[in-house]
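Notes to accompany the following structure.
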Amino acid sequence: MTEIEIFEACAELHNLRVELAELHEWAEAALSNDGHDRQYIAEHLSDALDALATGHDVPVHPF
């Protein structure tokens, strides 16, 4: 692995961690709001994790 490939892999890992942290913060806030449907939150989390695992863009938070 070249130095550039290592740098790119580290940057990708950093970005993944940031996106996971943002997703966690959104989920915590959404679950704290009694007006939000938990099934809808779970479906969004599932879609978002699938996107992150496959290298796609995370879908926009529904609320």
Side-chain angles (χ1 to χ4, degrees):
M1 203 173 210
T2 68
E3 189 174 320
I4 292 174
E5 290 171 327
I6 292 171
F7 177 78
E8 289 172 348
C10 288
E12 184 177 350
L13 178 59
H14 172 76
N15 291 340
L16 179 60
R17 287 178 174 165
V18 168
E19 290 186 69
L20 285 171
E22 289 173 356
L23 186 60
H24 175 259
E25 289 175 19
W26 170 83
E28 286 292 322
L31 289 169
S32 295
N33 185 330
D34 291 333
H36 294 317
D37 180 15
R38 290 180 176 271
Q39 177 66 32
Y40 199 62
I41 294 167
E43 289 174 5
H44 176 70
L45 287 172
S46 179
D47 290 343
L49 290 173
D50 179 58
L52 288 171
T54 57
H56 295 93
D57 291 335
V58 175
V60 177
H61 301 311
F63 36 80

- Within the side chain of W26, is there an N or O that forms a donor-acceptor pair under 3.5 Å with the backbone of F63?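 Checking the backbone N and O of F63 against the side chain of W26, a donor-acceptor pair under 3.5 Å is found.
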Review item, side-chain donor-acceptor pairs of residues 46-55, under 3.5 Å, at least two apart:
residue: T54; atom: OG1; partner: D50; partner atom: O; Å: 2.8
residue: T54; atom: OG1; partner: A51; partner atom: O; Å: 3.4
residue: T54; atom: OG1; partner: H56; partner atom: ND1; Å: 2.6

Using residues 6-25 as the side-chain source, report each donor-acceptor pair under 3.5 Å to any protein atom, sequence neighbours left out, with the distance given to one decimal.
residue: N15; atom: ND2; partner: A11; partner atom: O; Å: 3.4

Anything under 3.5 Å between a donor and an acceptor, one on a side chain of residues 34-43, the other on a protein residue two or more places apart or in another chain? List them.
residue: H36; atom: NE2; partner: N33; partner atom: ND2; Å: 3.3
residue: D37; atom: OD1; partner: Q39; partner atom: N; Å: 3.2
residue: Q39; atom: NE2; partner: E43; partner atom: OE2; Å: 3.0

- Above 12 or not: heavy atoms from other molecules or residues under 6.0 Å from CD of E5?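 It does: E5 CD has more than 12 such atoms within range.
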